[in-house]
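Throughout, a chain's letter reflects where its sequence line sits, starting with A, and its residues are numbered from 1. Hydrogens, waters and symmetry mates play no part in the numbers below; they use all other heavy atoms, side chains included.
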There are 2 protein chains.
Amino acid sequence: MINSLIDHIQKIIALTTEEQTLLSRYVKQQEFSKKEHLLTQGQKKTALYFVVQGCLRMYFIKDNGTEQMVQFAIDNWWIADYTTLDQHKPAQFYIQAVEHSKVLILTQSAQEELLEKLPKLERYFRKILQRAYAASQMRLTYLFDLSAEEKYNHFNSRFPEFVQRVPQYMLASYLGFSAELLSRLRAKE
Amino acid sequence: MINSLIDHIQKIIALTTEEQTLLSRYVKQQEFSKKEHLLTQGQKKTALYFVVQGCLRMYFIKDNGTEQMVQFAIDNWWIADYTTLDQHKPAQFYIQAVEHSKVLILTQSAQEELLEKLPKLERYFRKILQRAYAASQMRLTYLFDLSAEEKYNHFNSRFPEFVQRVPQYMLASYLGFSAELLSRLRAKE
DNA sequence: TCAAAATCTTGAACCAGATCAAGAAATAGA
DNA sequence: TCTATTTCTTGATCTGGTTCAAGATTTTGA
């Protein structure tokens, strides 16, 4: 299981066998069944999650009591509530398994120790963050520039695998509109 | 001028005098007058910009021809089009001086060389990106959860200095609504 | 296998905010 | 200082998407 993370890292930096075993000492493996929560709003548990296999989602509860999707993560993606990680606030978000998932957990303190021991991983995590931040800049352009229908079509062509795996109401929320509207959009096709 | 960057870095990692001079060899200083562009959509110029003094904004042109604000940056903030930096696409965004600004420029290739020579800066840039990404996660919560009026009030209390410095229509666009609506909100107060 | 839970659909009424237009006020440059 | 440009205001009208509700369909777990 840890191998998928090692492979992922090695696309960016090379690791010796010793470094790989060192790494694996800091990472915890865990499986989560569908609907199980990895993180709940308000917790102080700060960690990074790497999806080996499955699908996770991050969301929060809006003032009106409904869920707002923030992000999905599937195989070989990292997901984390960086607001807790960076500032020392309690978690702003929920992270939940959308389907049964195999996950690697790197707690914040484990990450800090690991980076002391293996500073070359700083580069890996920088690259990961850069990619994530770039994606979030792009997402803003879609959120601001596209109509609901265009958002749906764009997402559909870009990530067809998701549309199968994820309930429609989560997708609608991720795209920033109501589940009912998504249903109507699909009816038009 | 470079000292404000060095100070900023030293809040995260310590630099020897030699390291400081090394750093300064990779960074270019430049001033931009109001309305001048640092980056134009479509350019291949990939760089990170550090605002020593002044105010920059990043925006793009929507399909309907109007501007959409993406981000502001004032003193001691980095700003960059990470979509160009990370993937190798031409720039998605415009970066422009809102007022006369003193800026430090670190081109992508300079950054790469610098990080070879001074790997401990990986940590600095990772932290910067982590903070930026955390902020963008928070921004999503405001975008999705608040009404126009609530967004304005929240921004106002969080960044009062901005509201003075930046034209209202830019702020409205940043918050995700029309300039006319912002004008009406202010009239209510 | 079958009942309970979760998800999706559809209609009708509604609304937050957009758009268009045109004048007022503020700012900047020569 | 004075004019051109930029920015802001306000009214009138319009609309993309929301909300509420209730039934239909699909999925799940014991």
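- Taking the six-membered ring for Trp and thresholds of 30 and 60 degrees, Tyr59(B) and His37(B) have ring planes inclined between 30 and 60 degrees apart.
- Annotation: of the two residues near DNA chain C, Ala179(B) and Lys35(A), the 5′-most nearest-nucleotide partner is Lys35(A).
- Ring geometry for Phe72(A) versus Phe162(A): interplanar angle of 30 to 60°, hence tilted.
- The two residues Leu39(A) and Lys45(A) have their closest heavy-atom pair at CD1-O, 3.3 Å.
- Residue Pro167(A) has its side chain nearest to dC8(C) when only dA18(C), dC8(C), dT6(D) are considered.
- Taking atom CG on Leu171(B) and atom P on dT7(D), their separation rounds to 14 Å, with Å as the unit.
- Rounded to whole Å, atom P of dA24(C) lies 17 Å from atom CD of Glu180(B).
- Classification of the His154(A)-Tyr142(A) ring pair by plane angle, with boundaries at 30° and 60°, yields tilted.
- Nearest nucleotide to the side chain of Ser183(B), out of dT10(C), dG17(C), dT10(D): dT10(D).
- For Arg184(A) and dG16(D), a side-chain-to-base donor-acceptor distance below 3.5 Å is absent, hydrogens and geometry of angles not being considered.
- Remark: P of dA28(C) and NE2 of His100(B) are 14 Å apart, rounded to the nearest angstrom.
- The separation between Arg165(A) atom CZ and dT7(C) atom P is 16 Å, rounded to whole Å.
- Comparing dA28(C), dG17(D), dA21(D) against the side chain of Lys34(B) picks out dA28(C) as the nearest.
- OP1 or OP2 of dT18(D) has at least one side-chain nitrogen or oxygen of Ser178(A) nearer than 4.0 Å.
- Each of dA21(D), dA18(C), dC8(D) was ranked by its minimum atom distance to the side chain of Phe177(B); first place goes to dA18(C).
- Taking only side-chain atoms of Leu181(A), from C-beta outward, the nucleotide of dT7(C), dT10(D), dG17(D) with the closest atom is dG17(D).
- Note: CG (Leu175(A)) to C1' (dT18(D)) measures 16 Å, nearest angstrom.
- Across dC8(D), dC8(C), dC20(D), the shortest atom-to-atom separation from the side chain of Gln168(B) is found for dC8(D).
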